[in-house]
Amino acid sequence: MVLAMSWQPAFCENARRKRECRTQTAERYDATHFALHGLWPQPGSNVYCGVSAEQEQLDKSGKWRRLEIARLPQDLWDRLRRTMPGTQSSLHRHEWVKHGTCYSRDAETYYAHSLALMDAVNASSLRDLFASSIGTRLSNRQIRSAFDTAFGDGAGDRVRVACRRDGNRQLIVELTLGLKGRVTNAPDMAMLIQNAPKTDPGCPGGIIDRAGFQ
C-alpha cells in the first residue's frame with residue numbers, strides 16, 4: 001500500500017478555489033498536521049474494484065459529488081472531516097470509489113484504517129518536525145531521518161517527498177509512504193513500514209508552507 005499525506009497549506013497554494021482551501025485557517029487541524037489524501041492498494045493499476053462503469057466514468061469526469069458511498073458512523077465521519085479537509089470537495093467519495101473498493105468491502109473499514117495510520121504519523125516526531133519548521137526549508141534527508149527516529153532505522157527509506165513550485169518558492173506538498181502487511185485500528189506502523197520496499201527520496205527538499213495564501 002501507499003499512504004499519501006498532504007501538507008495542506010502547500011496544496012492549497014495551487015488549489016485556491018477549492019472550498020477546503022478557501023476556508024483554511026491557521027487554527028484548523030490541517031494547518032499543522034498532515035492531511036489524508038488517500039490509502040492506495042498496490043500496484044497502481046489496482047483501482048475501481050467492482051465499480052460500475054457509470055460510477056467509474058463519473059469519477060474520471062471529476063463529478064465526485066455524484067459518487068456513491070455508504071454513510072459513515074458519525075464519530076468516524078467527524079474524524080475524517082478533520083483529517084481529510086478534502087471531504088468538502090468530496091475527495092472521500094473519489095478515494096473510496098477508485099482505491100478503497102480495492103482495499104475492503106466497506107468504506108467504514110477503509111477509512112477507519114486510513115485514519116488509524118494518519119493518527120500514528122500525526123502523533124509522531126515527524127509531525128512535530130513539520131509543525132516546528134513552518135516557514136523554513138526541510139531537506140528530504142531531514143525528513144527521512146525523522147521517519148527513522150519515529151518508526152525505526154530504515155523507515156525513512158520508504159518515504160518519498162513531492163514538491164511543487166509556487167512562484168519563486170519550492171514547497172513540499174505531499175509525502176507518500178510505503179506500507180505492507182495487515183492494517184488494524186491500532187496499526188504496528190514500524191512493522192508495516194519496514195515490510196515495504198524501499199523507494200527513491202523524490203524532491204530534494206522545500207519550504208514547509210504556512211496556512212493562508214502567500
Return the [atom1] to [atom2] distance between [X] and [Y], rounded to the nearest 0.5 Å.
| X | Y | atom1 | atom2 | result |
| --- | --- | --- | --- | --- |
| Glu174 | Gln8 | CD | CD | 10.0 Å |
| Trp96 | Ile69 | CH2 | CD1 | 7.0 Å |
| Leu58 | Ser52 | CG | OG | 7.5 Å |
| Leu129 | Thr149 | CG | OG1 | 9.5 Å |
| Cys49 | Arg105 | SG | CZ | 13.0 Å |
| Leu39 | Glu95 | CG | CD | 9.0 Å |

- Task: Walk me through it: do Ile172 and Ile208 pass the test side chain to side chain contact (heavy atoms under 4.5 Å, CB included)?
- Result: CA-CA 6 Å; Ile172 294 177; Ile208 310 304; 3.8 Å; yes

- Query: So Thr199 and Val159, side chain to side chain contact (heavy atoms under 4.5 Å, CB included) or not? Walk me through it.
  - Reply: CA-CA 7 Å; Thr199 187; Val159 66; 5.7 Å; no

- Message: Apply side chain to side chain contact (heavy atoms under 4.5 Å, CB included) to residues Thr176 and Leu3 and explain how you reach the verdict.
- Response: CA-CA 6 Å; Thr176 48; Leu3 178 66; over 6 Å; no

- On the 0 to 90° scale, with breaks at 30° and 60°, tag the His99-His94 ring pair as parallel, tilted or perpendicular.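 Aromatic pair His99/His94 classed perpendicular.
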
- Message: In terms of relative ring orientation, are His113 and Tyr103 parallel, tilted or perpendicular, with 30° and 60° separating the classes?
- Response: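 Ring orientation of His113 relative to Tyr103: perpendicular.
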
Please report the shortest heavy-atom distance between [X] and [Y], naming the atom on each side.
| X | Y | answer |
| --- | --- | --- |
| Val51 | Glu56 | CG1-N, 3.8 Å |
| Thr109 | Asp106 | N-OD2, 2.7 Å |
| Ser89 | Lys18 | OG-CB, 4.1 Å |
| Pro85 | Arg28 | CB-NH2, 3.9 Å |
| Ser124 | Phe151 | CB-CZ, 3.9 Å |

Going hydrophobic residue to hydrophobic residue with side-chain gaps under 4.5 angstrom, can you get from [X] over to [Y]?
| X | Y | value |
| --- | --- | --- |
| Trp64 | Leu36 | yes |
| Ile134 | Ile143 | yes |
| Val2 | Met5 | no |
| Trp40 | Trp7 | no |
| Tyr111 | Met1 | yes |

- Query: Yes or no on side chain to side chain contact (heavy atoms under 4.5 Å, CB included) for Arg22 and Arg19, after CA distance, side-chain angles and deciding distance?
  - Reply: CA-CA 5 Å; Arg22 298 197 312 268; Arg19 184 178 179 186; 4.0 Å; yes

- Determine, for Asp59 against Arg93, whether the closest basic-nitrogen to carboxylate-oxygen distance falls under 4.0 angstrom.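 No, no charged N to carboxylate O under 4.0 Å.
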
- Task: Run the salt-bridge test on Asp209 and Arg169 with the 4.0 Å N-O cut-off and return the result as yes or no.
- Result: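 Result for this pair is yes, salt bridge flagged.
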
- Item | side-chain hydrogen bond (donor to acceptor under 3.5 Å, both in side chains) between Asp148 and Ser145, intermediate numbers included | CA-CA 5 Å; Asp148 286 346; Ser145 177; 5.5 Å; no

- For the rings on His92 and Trp77, is their centre-to-centre separation under 6.0 Å?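 Yes.
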
- Can you find a heavy atom in the side chain of Thr83 that is under 4.5 Å from one in the side chain of Asp30? no

Heavy-atom neighbours of [X] [atom1] exceed 12 at 6.0 Å:
| X | atom1 | answer |
| --- | --- | --- |
| Glu68 | CD | no |
| Arg16 | CZ | yes |
| Arg210 | CZ | no |
| Arg137 | CZ | yes |

- Task: Given salt bridge (charged side-chain N to carboxylate O under 4.0 Å, His left out), test Arg79 with Asp119 step by step and report yes or no.
- Result: CA-CA 10 Å; Arg79 291 173 59 210; Asp119 286 347; 3.0 Å; yes

- Message: Could you go through Ser90 and Arg66, starting from their C-alpha distance and side-chain angles, then the distance that decides it, and tell me whether this counts as side-chain hydrogen bond (donor to acceptor under 3.5 Å, both in side chains)?
- Response: CA-CA 9 Å; Ser90 294; Arg66 294 171 59 184; over 6 Å; no

